[in-house]
Amino acid sequence: MSYIVIKCGGSVLENISSSFYSNIVDIMKSEKIKPIIVHGGGPDITKLLKKMDIETRFINGIRVTSKDVLRVVEMVLSGSSNKTIVRNIIANGGESIGLSGVDGMLLEAKQFGEHHELGFVGEVVSVKKRLLDKLLDEHVIPVISPIAIGRNGQHWNINGDAAAAAIAREINASLCMVTNVAGVIKEGKILHHIQSLEAENMISNQLITGGMIPKVNAAIECLRSGVKEVSIINGMDDNALLKLVNGEMIGTKFLEGITC
Ligand SMILES: Nc1ncnc2c1ncn2[C@@H]1O[C@H](COP(=O)(O)OP(=O)(O)O)[C@@H](O)[C@H]1O
Ligand SMILES: CC(=O)N[C@@H](CCC(=O)OP(=O)(O)O)C(=O)O
């Protein structure tokens, strides 16, 4: 049986099609693919920071994370965002458990990159696959918020796309990033297929910006690591997930190609 990591973006969480949750339950019940959900919650974090008079700053789609920001990020992601998804899966007849990367040390991380201007932003260094398998073997759908932990107990803010990609790479799953647009858009049109090189060029030429940058980087890293299927789809489209797993042409599919 294969795995699919489904990353649900914060951009679409409020307006997601109700079929999103029933599709996840149907995928689990099909007993062909095991679904693992990773989610974001960027807009809700930004809203709460604003209420608390804390400044929000992103660099290439990644949130600059001070100690105060980290506290709010964890509160939102591992609190309301996570439980919203768990509740909806249960309401659609599935079994689900929400956990963050901190729980059971599911996602171990270290500080991201060499220049530390991003603050408490981490990168995943290991994924505890056996914990995920235990839940999936019991037909329980894991819903993971992207907060990770270091060996010294430090917690880290992980971009949701990057966390989903790290899990997909570790367990050799396909990766589907669900967001609020149809896929990668160029000159007003969706690209149904895109190669890594073209995607990298679109970032350099600022045709891909903001929150689409971590998605594309996640996709490229997955392909480099041997992940077979990576796509971006619109969470507002009815039955988008079922269409994807049934092989219909939907969203943007990333293809292996020569990279820079
Ligand atoms: N070339 C592009 N094609 C599609 N979306 C793009 C592109 N460049 C930037 N974006 C932006 O990326 C956004 C998705 O990223 P983000 O808001 O972080 O979503 P999520 O919360 O789902 O991770 C889109 O809503 C769009 O505004
Ligand atoms: C380091 C970093 O950028 N973390 C993200 C985590 C949430 C996220 O990824 O949310 P979306 O899926 O809605 O973008 C953040 O703080 O916003």
Side-chain angles (χ1 to χ4, degrees), residues 5-16 20 37-49 54-66 68-82 84-85 100-101 107 109 111-113 116-124 144-148 155-166 175-192 194 198-219 231-236 240 251-252 254:
V5 175
I6 298 162
K7 190 276 178 161
C8 176
S11 68
V12 74
L13 210 44
E14 246 177 58
N15 303 315
I16 204 148
F20 172 75
I37 318 305
V38 179
H39 64 85
D44 280 349
I45 297 167
T46 302
K47 239 185 265 170
L48 187 53
L49 286 171
I54 302 174
E55 189 204 1
T56 289
R57 202 154 64 85
F58 285 92
I59 299 177
N60 292 330
I62 305 292
R63 187 185 304 275
V64 177
T65 306
S66 66
D68 285 344
V69 169
L70 179 61
R71 241 197 301 265
V72 176
V73 169
E74 184 164 37
M75 197 153 72
V76 172
L77 291 181
S78 301
S80 52
S81 317
N82 189 273
T84 298
I85 297 175
S100 86
L107 303 177
Q111 186 154 30
F112 173 75
H116 294 162
E117 73 270 19
L118 289 169
F120 291 97
V121 172
E123 63 182 293
V124 174
I144 302 164
S145 65
I147 303 289
H155 52 166
W156 296 101
N157 181 10
I158 314 288
N159 173 266
D161 302 311
L175 172 64
C176 170
M177 291 175 273
V178 181
T179 187
N180 66 345
V181 285
V184 177
I185 294 164
K186 188 178 184 183
E187 291 160 0
K189 286 196 190 128
I190 176 171
L191 300 177
H192 286 297
I194 188 167
E198 183 179 7
E200 283 172 341
N201 287 338
M202 282 181 73
I203 293 177
S204 304
N205 298 331
Q206 293 176 20
L207 297 172
I208 287 174
T209 56
M212 192 51 71
I213 296 175
K215 282 184 215 316
V216 167
N217 286 334
S231 41
I232 296 178
I233 61 171
N234 191 339
M236 290 178 284
T252 297
F254 286 79

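Counting starts at 1 for both ligands and their atoms, in listed order.
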Checklist entry - atom 11 (C) of ligand 1: which of M177, M212, H39, M202 has the nearest heavy atom? => result M212
Item to check | Winner among G183, G10, G40 once heavy atoms are compared against atom 4 (C) of ligand 1 | outcome: G183
Please report the closest heavy-atom contact between [X] and [Y], naming both atoms and the distance.
X: P214; Y: G61; result: CG-O, 3.9 Å
X: G251; Y: I233; result: CA-CG2, 4.2 Å
X: I45; Y: V72; result: O-CG1, 4.3 Å
X: S11; Y: T179; result: OG-OG1, 3.4 Å
X: A218; Y: M177; result: CB-SD, 4.4 Å
X: A182; Y: I190; result: O-CD1, 3.1 Å

Next on the checklist: Run V64 and V69 through side chain to side chain contact (heavy atoms under 4.5 Å, CB included) and show every step you take.
Outcome noted: CA-CA 8 Å; V64 177; V69 169; over 6 Å; no
Checklist entry - What part of K7 sits under 4.0 Å from ligand 2 if we count only heavy atoms: the side chain, the backbone, both or neither? => result side chain
Checklist entry - Heavy atom under 4.0 Å from ligand 2: found in T65's side chain, backbone, both, or neither? => result neither
Does some non-hydrogen atom of [X] fall short of 4.0 Å from ligand 1?
X: G210; value: no
X: K215; value: yes
X: K7; value: yes
X: N180; value: yes
X: C8; value: no

Item to check | Point-to-point distance, once rounded to the nearest 0.5 Å, from CD of E74 to NE2 of H155 | outcome: 5.0 Å
Checklist outcome for this item: The reported gap from CD1 in I203 to CD1 in I213 (rounded to nearest 0.5 angstrom) is 5.5 Å
Contact atoms of ligand 2, heavy-atom distance to [X] under 4.0 Å:
X: G160; result: 8 (C), 9 (O)
X: G42; result: 10 (O), 11 (P), 13 (O), 17 (O)
X: I158; result: 1 (C), 4 (N), 6 (C)

Checklist entry - Below 3.5 angstrom, do we get any N/O pair linking P43 and ligand 1? => result no
Under 3.5 Å, N or O to N or O, is [X] touching ligand 2 that way?
X: G10; result: yes
X: R63; result: yes
X: P43; result: no
X: L77; result: no
X: F58; result: no

Checklist entry - Considering residues, nucleotides and ligands other than E117, do more than 12 of their heavy atoms fall under 6.0 Å from its CD? => result yes
Starting from [atom], locate the nearest protein heavy atom and write down its residue, its atom name and how far away it is, to 0.1 Å.
atom: atom 26 (C) of ligand 1; answer: V181 CG1, 4.4 Å
atom: atom 3 (N) of ligand 1; answer: I185 N, 2.9 Å
atom: atom 4 (N) of ligand 2; answer: N157 OD1, 2.9 Å
atom: atom 16 (P) of ligand 1; answer: G211 CA, 3.9 Å
atom: atom 8 (C) of ligand 2; answer: G40 CA, 3.7 Å
atom: atom 9 (C) of ligand 1; answer: T209 O, 3.0 Å
atom: atom 14 (C) of ligand 1; answer: T179 OG1, 3.7 Å
atom: atom 17 (O) of ligand 1; answer: S11 CB, 3.9 Å

Checklist entry - Does G211 reach ligand 2, in the sense of a heavy atom lying below 4.0 Å from it? => result no
Checklist entry - Should you measure from each heavy atom of I208, which atoms of ligand 1 turn up under 4.0 Å away? => result 1 (N), 8 (N)
Next on the checklist: What verdict does the side chain to side chain contact (heavy atoms under 4.5 Å, CB included) test give for I158 and L107, after you've listed the backbone C-alpha separation in whole Å, the side-chain angles of each residue and the deciding distance to 0.1 Å?
Outcome noted: CA-CA 10 Å; I158 314 288; L107 303 177; 5.5 Å; no
Next on the checklist: Test of understanding: given a 4.0 Å heavy-atom threshold, classify the contact between L207 and ligand 1 as side chain, backbone, both, or neither.
Outcome noted: backbone
For [Y], does its backbone N or O pair with a side-chain atom of [X] as donor and acceptor, under 3.5 Å?
X: N159; Y: D161; result: yes
X: H39; Y: G9; result: no
X: S81; Y: V76; result: yes
X: T252; Y: L191; result: yes

Checklist entry - Going through the checks in order, is the side chain to side chain contact (heavy atoms under 4.5 Å, CB included) test met by R63 and T46? => result CA-CA 10 Å; R63 187 185 304 275; T46 302; 3.2 Å; yes
Next on the checklist: Before you tell me yes or no, could you show the steps for M212 and M202 under side chain to side chain contact (heavy atoms under 4.5 Å, CB included), namely the whole-Å CA-CA distance, both residues' side-chain angles and the distance that decides it to 0.1 Å?
Outcome noted: CA-CA 11 Å; M212 192 51 71; M202 282 181 73; over 6 Å; no
